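Step one of this worksheet: look at the structure below.
Numbers restart at 1 for each chain; the letters A, B, ... are given by sequence-line order, proteins then strands. Any value given below was found using the heavy atoms of this structure, including those in side chains, with hydrogens, waters and symmetry copies removed. For clarity, every value in this text was computed on a predicted model and none was experimentally measured.
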Number of protein chains: 2
Amino acid sequence: MATIHDVARAAGVSISTVSYALSGKRAIGAATRDRIDAAVAQLGYRPNAGARMLAGSRTNLLALSAPLHADTYAPAHMTFVLAIAEAAREFDYDTVLLVQDEAVNGLRRMVSSKLVDGIVLLDVDRDDSRVPLVRELDIPVTLVGIPADTTGLTCVDLDFEAAARLSVERLAAQGHRQIGLIGHPEELYARGSNFPIRFRDAFAAAAAEFGVGTHFVMPEQEPVSVRVALEELRRELPGLSAIVLNCNEPVHTMALELLRQDGASIPQDMSVLSACSSFPTDQLDPPLDVIPLPALITGRRGVELTMNQLGGYSEPVVELVPPAYIAKGSTASVT
Amino acid sequence: MATIHDVARAAGVSISTVSYALSGKRAIGAATRDRIDAAVAQLGYRPNAGARMLAGSRTNLLALSAPLHADTYAPAHMTFVLAIAEAAREFDYDTVLLVQDEAVNGLRRMVSSKLVDGIVLLDVDRDDSRVPLVRELDIPVTLVGIPADTTGLTCVDLDFEAAARLSVERLAAQGHRQIGLIGHPEELYARGSNFPIRFRDAFAAAAAEFGVGTHFVMPEQEPVSVRVALEELRRELPGLSAIVLNCNEPVHTMALELLRQDGASIPQDMSVLSACSSFPTDQLDPPLDVIPLPALITGRRGVELTMNQLGGYSEPVVELVPPAYIAKGSTASVT
DNA sequence: GCCGTTCGTCGAAGCGCTTCGATATTGCGC
DNA sequence: GCGCAATATCGAAGCGCTTCGACGAACGGC
């Protein structure tokens, strides 16, 4: 492996000149720079990561704390992980993955060994055990998800409250008076999982505000359970004409299949809207109107906010990504 | 942050003594060691990662190359990632995650900047673009998955051939003469994806060997497509009495639901076996006999093989994990 | 033509750790 | 009681990089 020393010799300059030429932190003559660039290319020189970490103030490594609960929906989770790892690369950062126990315990290790410059926390619960920890860690941290107490923290997430309100608003404007909400499995709510609860509560509030009746069910990812849930909606909401799905893809598929079997066509007999979904709904049959969970945007923003903190000082902020509504023709006005 | 210097002073010894006490590479007096341990604990000392990398020969970082194709089944993929990250920790290693483009391009960067000590490649295709690359990289590498040409490479994977043979063998022994195989979506095979092809081909060979009729279908993850696939099996195999599922969880659920709707009870009317599944099949209705895809075992083994290479020299090996058969009562003898 | 700048380059001092010889101390055989 | 081997500890030399202060050269203003 070539070292900076080799490059310096090949270019006929000193080590510090090479360093400055590569970092751009001081002006370097054009001719000199060219010779250095040529030497770098010819030797295939790459700065030694360890040396850089030790001498410089940056490690160019980002910790990604990604605990995975038994009930975590893997595809969504994965999308966030991908978004963050890719966004990090745009800042010339690599990502150290901390899973399971290490998602909590590893953080302190990352910081005290100075392995990483910053941390992104994924899948933050309302009352997350990582929150008190990162509060005392003196390092840039961004939480993807909003904990109960955000004091002093930088957070980013989809504005689930606005998304819930938008769902109700659109359907109410179409004349729907009874709107069913299909949520995630019950454990998630019991565990204090973040966004399902925020969505559910804001949905209820919006329903009250717009004066529409609503009922909430939490089926398991399992056909029988979904059928029971649908039946419960019909029983509780006699004039049911619209359903909002705030659940995983398999439950979407099952619900659509069950509606088909019941002879309910979409959107004539039933308007269906997918809210906060991390997967493409236009592959479903029929394609569904959707308020996407923009994992790519949110994840990337989580990295950006961390990088901002690395630069100058930025005040802690809670940043809510506004929801978008994408129509696919699966909702219609009540006739 | 405390440095080794602080620890040395607090314990009243030299820096090198602290280093040796912590690494155990030279004998240290019991009393001295105790004082050092106390100082370490009291100061909360953690070796600086950059300094360690630079001075030592190890970085204690492992690269995990995990490209994610559009058709990759996220839960299975995630299980491998988790298994590897957790196994790495048992060797005191952290995992640098390389996704998408970086899964290929990042590798060279990892090596030439000496950021990582070893590499694990996930989701290796038959003709994977990373294979020629890692062959020329002078660093411990383990592939999870078996490429077409394994010369000079260390690989580990479930023995899919044996798994396919085991499937046929068990069902043939129960007297089944016509066995349907439901595979993954067609794109996977077209792309040269690794294990679906290995399973399919070995299945056909085993069927020929045991003299049973078989037919292979590749439904999309979509109820209509699964229904069509089932109908095709029934049409092609008039005496169909057993089905092997080598596909994703949602397709399992759909197939079982369709069989139920057709009034076919398991195992009386139809024996069903799930082969090489990364998810628990006892949550299905009914629970299915399964030959598991042992992601935890395979992933961990991938790490272990890499660590072995880091230690002494070990010859490249292709290690096939033998399949296991777990009965849940979803297959029965033909009556 | 002299002084104060600006520009381009260099030497050297670390960053915190590992590791290779020493050196000092102890214990043992005879 | 002497020498030799083990045992315990230390000092110092790097690992490859960043960054600070210095310094020579070129340049414009007067």
Side-chain angles (χ1 to χ4, degrees), chain A residues 1-40 43-61 92 109-117 310, chain B residues 1-40 43-61 92 109-117 310:
Chain A
M1 295 294 112
T3 71
I4 198 173
H5 194 261
D6 300 325
V7 175
R9 197 171 13 170
V13 296
S14 76
I15 286 175
S16 54
T17 302
V18 175
S19 180
Y20 284 122
L22 294 177
S23 70
K25 292 189 179 170
R26 280 196 188 176
I28 296 291
T32 309
R33 189 198 317 283
D34 289 347
R35 264 181 300 131
I36 290 173
D37 288 348
V40 165
L43 294 170
Y45 167 73
R46 291 273 190 182
N48 177 293
R52 229 225 263 256
M53 289 186 196
L54 181 57
S57 49
R58 296 283 176 88
T59 68
N60 282 50
L61 247 24
D92 199 28
R109 190 162 47 81
M110 294 291 114
V111 174
S112 49
S113 69
K114 289 211 197 313
L115 215 212
V116 302
D117 293 335
L310 267 173
Chain B
M1 293 297 111
T3 71
I4 197 174
H5 193 261
D6 301 325
V7 175
R9 197 171 13 172
V13 296
S14 77
I15 286 174
S16 54
T17 302
V18 174
S19 179
Y20 283 122
L22 294 178
S23 70
K25 291 187 181 173
R26 280 197 188 177
I28 296 291
T32 310
R33 190 200 314 285
D34 288 348
R35 265 182 300 135
I36 290 174
D37 287 349
V40 165
L43 294 169
Y45 167 74
R46 290 276 189 181
N48 178 293
R52 227 223 263 257
M53 288 186 197
L54 180 56
S57 50
R58 296 281 176 89
T59 68
N60 282 49
L61 247 27
D92 198 28
R109 191 163 45 79
M110 294 291 115
V111 175
S112 51
S113 69
K114 289 213 199 307
L115 214 213
V116 302
D117 294 334
L310 267 173

Looking only at dT19(D), dT9(C), dG16(D), the nucleotide nearest the Thr32(A) side chain is dT9(C)
Side-chain contact check for Tyr20(A): nearest option of dT19(D), dC17(C), dC10(D) is dT19(D)
Inset, instruction - Test for a donor-acceptor pair under 3.5 Å between the base of dT9(D) and the side chain of Arg26(B), counting only N and O atoms. - result: yes
Between CD1 of Ile4(A) and P of dC17(D) the distance, given in whole Å, is 5 Å
Rounded to whole Å, the CG-C1' distance (Asn48(B) to dG16(C)) equals 6 Å
Heavy-atom closest pair (Asp117(A) atom, Asn60(A) atom, distance to 0.1 Å) is OD2-N, 2.9 Å
When rounded to whole Å, the CZ to C1' distance for the pair Arg9(A) and dC10(C) reads 17 Å
Met53(B) CE to dC17(D) C1', in whole Å, measures 14 Å
Separation of dA25(D) atom P from Ile28(A) atom CD1, nearest Å, is 18 Å
Heavy-atom nearest pair, Met1(B) first then Val111(A), reads SD-O, 4.4 Å
Here the distance between atom C1' of dC15(D) and atom CG of Leu115(B), to the nearest Å, is 16 Å
Quick note, Ser14(A) side chain, CB onward, closest among dC10(D), dG16(C), dC10(C) is dC10(C)
To the nearest angstrom, the CZ-P distance between Arg46(B) and dG16(C) comes to 17 Å
### Flag side-chain contact, heavy atom, 4.5 Å: Arg9(B) against Asp6(B)
yes
Touch class at under 4.0 angstrom, heavy-atom based, for Ser16(B) against every strand present
base
5'-most contact on DNA chain D (nearest-nucleotide basis), Lys114(B) vs Gly29(B), goes to Gly29(B)
Fill in: pair Leu115(B)-Arg46(A): side-chain heavy atoms closer than 4.5 Å
no
Of Gly56(B) and Val18(B), the one whose nearest nucleotide on DNA chain D sits closer to the 5' end is Val18(B)
Regarding the side chain of Ala55(B), the nearest nucleotide among dG14(D), dT19(C), dC17(D) is dG14(D)
Distance col, row Asp92(A):CG vs Arg109(B):CZ, nearest 0.5 angstrom, shows 7.0 Å
